[in-house]
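Computed from a prediction, not measured in an experiment: that's the story for all the values here. Throughout, protein chains are lettered first and strands after them, A, B, ... in sequence-line order, and every chain is numbered starting at 1.
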Amino acid sequence: MTAAAISAAVRNRTADWWRRSIWVDHLMLAIRVVVAVLVLWGLAGGIAAGTYSAANFASFAMFGLTIGSVYALIALGYTMVYGILRMINFAHGDVMMVGSFAGLFAASSLSGAGLTNDAPLIALPLVLAAGMAVGAAVSVAIERVAYRPFLHVRSLAPLICAIGLSFVLQYGARGLFGTRNRAYPGFGWMEGTVQVAGLTIPIPQIVAFGAALVVLAGLLAIVRLTPLGKAMRAVSEDRDAAALVGIDVSRTIVFTFAIGGAMAGVAGVLYALVFKQITVFMGFFLGIKGFAAAILGGIGNLGGAMLGGLVLGLAEALGPALLLEGYGLPAPYQLKDVIGYGMLVLILIFRPQGLLGERLAAKRA
Amino acid sequence: MSFNVVTSSFRVVRREREAGAEALRIGLIAGVAAVLFCLIGAYVALDKRDVVEGVASFAAVALAAIALVAGYTSAATANRQGRTPRRAVLLAGGAGLAVGACLALMVLATTNLGIRTILVAASPALVRALTFGTTAGSSGQIFLLLAAGFGLGAIGGALATLVPERLRRAIIRGVFVVIFAGLFRDVFFSIASNLPGGVDRMIYGSAGIRLWPAILLFAAVVAWTILRAAAGKPSAARTGGRSKLSIVLLVATVLVLPLITSDFVAQVAMLVALYMLMGMGLNIELGLAGLVDLGFVAFFAVGAYTVALLCSNGPLAIADVSFWVALPVAIVLAAVSGLVFGLPVLRVRGDYLAMATLGLGEIVRVLVLSDALAPVLGGSQGIIEIDRPVLAGISLNTPAELYYLALILAGAVAFISWRLQHARIGRAWLAIREDEDVAQALGIDPVASKLVAYSVGAAFAGAAGAVFAVLVGSVFPHSFQLLVSINVLAILVIGGLGSLPGVLVGAMVLIGLPELLREFGEFRYLFYGVALVAMMHIRPEGLWPAESTKREMADA
């Protein structure tokens, strides 16, 4: 095609869009432009301000990847449940909190035996296993209460039940475990730091990042290679047809919830490994970030969830320094969450299919 | 939005097991519930409030109710499966025994295993309260719990099988009335204190109803119920007269309540009225138009901060006008913010909309809290010294006066909602709620309808925020957390989505009750969660469903 033909085609499409669009489309376009300008302006300002050195940015990025891998693990649970039920598990973040507490109690008893300090490589898998088991159990219970009774109808009931369960988990845990912050015991040499290419990186961050990658690989193997994974994919394509060809649909759904809950349990333990302190209310907002990561990557897409988590983590870690600093705002780190939530809202509005997802059929409210 | 649109032929139905297995299952579930009730610290907290003075605390009543219900349900199951009444009662006792056994295990674990490092509520105080002061770790303690469980389960079973239905209904009603009268001592005591001759002190002790009045009340309710049934009068519920009579009763209570009771009750009533205002706002968005909005608190915040900035004497004030000038400004600004909020999320639906609005609401809260906006909005220090409204030279200071202010606003808002609901726009909302695409095909403009829903709902919330600001006299960011949105959502769900009287009922149940039961305050969100889940399972249409929902449920 010649340049003239291309420009004619572009003009045609623009004219076509202009003819079909209503004022809402124009408004959306305007919002896009405004957001893009704001981001570019902030970026330019942030780089020009030069408050932080390259080493600063590198350590921000490493931190972003760590928290991003926690988001990614949470996002996997959302994505799997969404893929199979086309519904959001609103209580998923609290599953992560419960898993984290289960890990805490496992770690405390292991630390009593001196195992966490002397042999963290043995203790950590045990703690992770405790978090995974409890996370899976709680997740299955959520499925039983909030989703199974409403499987055959389209309604608000599962969403409301899940919101209710989220509160039951938060305030139940508050009653059971108390309101004060709880601290994980030390994990021996895993507390230290290493020097990589002139950067000082805390080992827990590396461990968390590595563990998240391993878990994702395992999950992909389950979904791609096992009969269970095949059943999961079939049920997510068409539940009725899957039942017709002899797949035990409710068992498949239960396993999906269990795996998602186990991922959340891992996320809870890894979060605690990096941040040391856990509270009963941490799950809810981390859950929302995890959801944002799932949407960002393309909901229903496992690799997308991982990518979305890492991108969101990086954006939150680098955003305040790069973007908000450019506007000369005081205390930009207070606004870290604005970046996370802002990304969530913008993705939901402008690209609900996410980075890797396909276009979903218009979802019925 | 509807609760019964079938989307898949796939339905999971639980098969009922044999009566004995069912009894064990029910008993174990109830036992776990009872243990959790103790371990979250609810038992010790609620033990401080008596239902019947010196006889039964709220905690004891709740625990006994768990065992009774377990017995009742398992006996009813056995009955349905054709077992003899004797066997049914025995099975019910077994279910109760399972509850007692779970509690006994918990007591043993608490005294011997030292689980307190994990579970903060597993304290000696809990064991003492549970076992009526018997020696710790004794076998008598365990026996007591088991026997009490068995006895209560059997009583529940006997109630289900041996007692004739009329008497059963009368007894259950009597028990409920006594518990109600005991729990809401504050309300009834302050009403009774208007009567001469120290009647209040005769009926109520310092923590609950006294024993003899309780027995008299119980007997009176039982006798009255039986006599009415025997006289063959059809109960009001069946003739459909209930809604009219209850509306009259409700209105009368609502009008005179703060006058005949204490400041404390007036304060609670004031909160209920505030949440009604917000509930009616969200009812437009969620109940009518089907837009799930979890960022609703932002509009409340806009109303509150507007009034704060306009009416405060503090350093941040931008004007010092009267409340009556600030109120319309707050409402208009809230409506505009609703529009601004609604515009970007016009194309987002369902669960995604819930998340998007949640994100928007949180962004607003984080921004208000941040140092960046602190010079304007005060950051975490908030805005203080807000003037009270002055009407005809009198400053509205007491909770009762502010209650009437909120009530008048709520009345006006209820009238507007009611008119809107039955106007063209209301029908357009309902159509969009049921199916947006079909609605659009029928010539409804979804964009305009949704935007009107957002701004009207936001305006109502703004009015609530304005009253809140003058009620408290100051505004802080932590008053505008996500929890407020969840509260309002729960009110709508419990009352009945799309139903105006449902908002009133929901606000009374979810805001009024926990405030009146102060010991309960710590567990209110747990209660909300359980109530939301239970409601969806037992009565998805709400306590006072809207007419359209009622028709729908009848069709299903």
Chain B heavy atoms under 4.5 Å from A/Phe101: which part of the residue, side chain, backbone, both or neither?
-> neither
Identify the heavy atoms of B/Leu526 and A/Val168 that sit nearest to each other, and give their distance.
-> CD1-O, 3.4 Å
Going from CZ on A/Phe90 to CG on B/Leu358, what distance comes out if it is rounded to the nearest 0.5 angstrom?
-> 5.0 Å
Interchain contact, A/Ile31 with chain B, by part (heavy-atom threshold 4.5 Å) | side chain
Under 4.5 Å to a heavy atom of chain A? For B/Leu353 that would be neither
Contact origin within A/Ile295 toward chain B - heavy atom pairs under 4.5 Å = side chain
Under 4.5 Å from a heavy atom of chain A, the part of B/Leu451 involved | side chain
Let me check something: any side-chain donor-acceptor pairs from residues 286-293 of chain A under 3.5 Å, sequence neighbours excluded? List them with distances.
| unit_1 | atom_1 | unit_2 | atom_2 | d |
| --- | --- | --- | --- | --- |
| A/Lys289 | NZ | A/Glu316 | OE2 | 3.1 |
| A/Lys289 | NZ | A/Asp337 | OD1 | 2.9 |

So what's closer than 4.5 Å to chain B heavy atoms on A/Leu348: side chain, backbone, both or neither?
-> both
Check B/Met355 against A/Leu344 and note the closest heavy-atom contact, atom names and distance.
-> O-CD2, 3.8 Å
Go through the atoms of A/Leu176 and report whether side chain, backbone, both or neither lie under 4.5 Å from a heavy atom of chain B.
-> both
Full working for side chain to side chain contact (heavy atoms under 4.5 Å, CB included) between A/Phe284 and B/Leu482 | CA-CA 11 Å; A/Phe284 190 82; B/Leu482 175 72; 2.9 Å; yes
So which part of B/Leu483 gets closer than 4.5 Å to some heavy atom of chain A, the side chain, the backbone, both or neither?
-> side chain
Which bit of A/Phe105 comes within less than 4.5 Å of chain B, counting heavy atoms only: side chain, backbone, both or neither?
-> side chain
Using the benzene-type ring in the case of Trp, are the ring centres of B/Tyr525 and A/Tyr171 under 6.0 Å apart?
-> yes
Taking only residues two or more places apart in sequence, or in another chain, which ones meet A/Asp25 in a side-chain contact (heavy atoms from CB on, under 4.5 Å)?
-> A/Trp17, A/Ser21, A/Ile22, B/Arg347
Looking at B/Ile432, B/Ile486, B/Val530, which makes the most heavy-atom pairs under 4.5 Å with chain A?
-> B/Ile486
